[in-house]
2 protein chains.
Amino acid sequence: MGDAPPQNSMPASEMDGICSGSHDAGTIVRDLLDQVGDKWTLLVVGMLEDGPVRYSALKARVPGISQRMLTLTLKKLERDGMVRRESFAEIPPRVEYELTELGRTLIEPAVGFARWALESAGAIAEAREAYDIRD
Amino acid sequence: MGDAPPQNSMPASEMDGICSGSHDAGTIVRDLLDQVGDKWTLLVVGMLEDGPVRYSALKARVPGISQRMLTLTLKKLERDGMVRRESFAEIPPRVEYELTELGRTLIEPAVGFARWALESAGAIAEAREAYDIRD
DNA sequence: CCGTATCCCCCCAGATACTG
DNA sequence: CAGTATCTGGGGGGATACGG
């Protein structure tokens, strides 16, 4: 499989080029955002950043996640080629999950967003208070 | 408050530091992701990148959005200080929306994610096919 | 230990109709 | 033109119990 076609740099107005209905790029971004923007995916990916983690450790480190959602999230990530699953035939059973190369590429934009969130949280909270008081 | 220089010092394991349960940073990121990661927010923000846009133009440029969802999305963004609303007492009525400085800071990480999505879409599609065939 | 199966609730998006 | 009001269905996701 060839690497991503260099195609083009993004136009000056990048989000516009991305989201415009003229290309189907908007659809692609939307679909991926639906995948990754759900309640648990980014959290789980973040927990896998340092290397292989077992199922139980993952569940412990993602507070509040149910077995059901952890399993669903991991399955989806595995299907998308972002996570590799390795099970060891031991007693007690052990299953480890780790990010693939593709999965690792998610970390950079995710961190970018996380950084934005942390930097902006204060300003957003202020804006909300101001808005709520006024109205 | 000028622009936000990349003044930051995240730990080596960034997502870990962000998402770990030990800090409430994970909660912050999760909350913001819930705000921004919904079905329409990023699309609307993308449409506002170039400057003020009227309500009707916005509705036309975001294909498939309902009046209800457009209004809700704009209200939420306004409350969060990301969008400024200006209404003109004319006939016919005119209301324009534009990004605030805070709102503009969202574009950079959003574009980062969008770029990732476009670059990764192919690999993910391949991974899915491989996964579905095998199993 | 590592999941799967089932039930169920709640929220949110869509459709529609109506106002200033 | 720029919204609001109300109803409704579908699905995400939690709790729980069970299987390998």
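A, B, ... follow the sequence lines: proteins, then strands. Residue 1 opens every chain. Fair warning: this is a prediction, and the values are worked out from it, not measured in the lab.
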**OP:** Quick one: pull up CG in Leu42(B) and CD in Gln35(B) and give me the separation to the nearest 0.5 Å.
**Re:** 12.0 Å
**OP:** Take the C1' atoms of the five end pairs on each side of the helix from dG3(C)-dC18(D) to dG20(C)-dC1(D), get both axes, and report the angle to 10 degrees.
**Re:** 40°
**OP:** May I ask you to say what Phe88(A) touches in the nucleic acid, namely base, sugar-phosphate or nothing, with a heavy-atom cut-off under 4.0 Å?
**Re:** nothing
Original post:
Base, sugar-phosphate, or nothing: which does Lys59(A) touch, judged by heavy atoms less than 4.0 Å apart?
Top reply: nothing
Subject >> Residues in side-chain contact (heavy atoms from CB on, under 4.5 Å) contact with Ser66(B), at least two apart in sequence or another chain >> reply: Arg68(B), Met69(B)
Original post:
Can you name the one residue among Arg104(A), Arg85(A), Arg84(A) that meets salt bridge (Lys or Arg N to Asp or Glu O under 4.0 Å) with Glu98(A)?
Top reply: Arg84(A)
Original post:
Step by step, would you call Val83(A) with Val44(A) a side-chain contact (heavy atoms from CB on, under 4.5 Å)?
Top reply: CA-CA 10 Å; Val83(A) 157; Val44(A) 170; 5.9 Å; no
**OP:** Would you please name every residue forming a ring-ring contact (aromatic ring centres under 6.0 Å, His included) with Tyr97(B), sequence neighbours left out?
**Re:** none
Original post:
Does CD in Glu108(B) sit with more than 12 non-hydrogen atoms of other residues, nucleotides or ligands closer than 6.0 Å?
Top reply: no
Original post:
Which nucleotide of DNA chain D is the first, and which the last, in the 5' to 3' direction, to come under 4.0 Å of a heavy atom belonging to chain B?
Top reply: dC1(D) to dT6(D)
**OP:** Identify whether the distance between the nearest side-chain nitrogen and carboxylate oxygen of Asp34(A) and Lys39(B) falls below 4.0 Å.
**Re:** no
**OP:** Measure the distance from CZ on Arg94(A) to C1' on dG3(C) and round it to the nearest whole Å.
**Re:** 17 Å
Using a cut-off of under 3.5 Å, enumerate the N/O to N/O pairs linking the protein to nucleotides 10-15 of chain C.
residue	atom	partner	partner atom	Å
dA13(C)	N7	Arg68(B)	NH2	3.0
dG14(C)	OP1	Lys39(B)	NZ	2.4
dG14(C)	OP2	Trp40(B)	NE1	3.3

Subject >> Residue pairs involving residues 115-135 of chain B (criterion ring-ring contact (aromatic ring centres under 6.0 Å, His included); sequence neighbours excluded) >> reply: Phe113(B)-Trp116(B)
Subject >> Carboxylate-amine/guanidinium contact Arg54(A) Glu96(A), below 4.0 Å >> reply: no
Subject >> Residue Glu101(A) excluded, over 12 heavy atoms near CD under 6.0 Å >> reply: no
**OP:** Starting at NZ of Lys59(B), measure out to CG of Leu70(B) and round the result to the nearest 0.5 Å.
**Re:** 7.5 Å
**OP:** Starting at atom CD of Gln67(A), determine the distance to atom C1' of dC1(C), rounded to an integer number of angstrom.
**Re:** 9 Å
Original post:
Is the phosphate of dG3(C), meaning OP1 or OP2, less than 4.0 Å from a side-chain N or O of Tyr97(A)?
Top reply: yes
Original post:
Touch check for Thr71(A), heavy atoms < 4.0 angstrom, all strands: base, sugar-phosphate only, or nothing?
Top reply: base
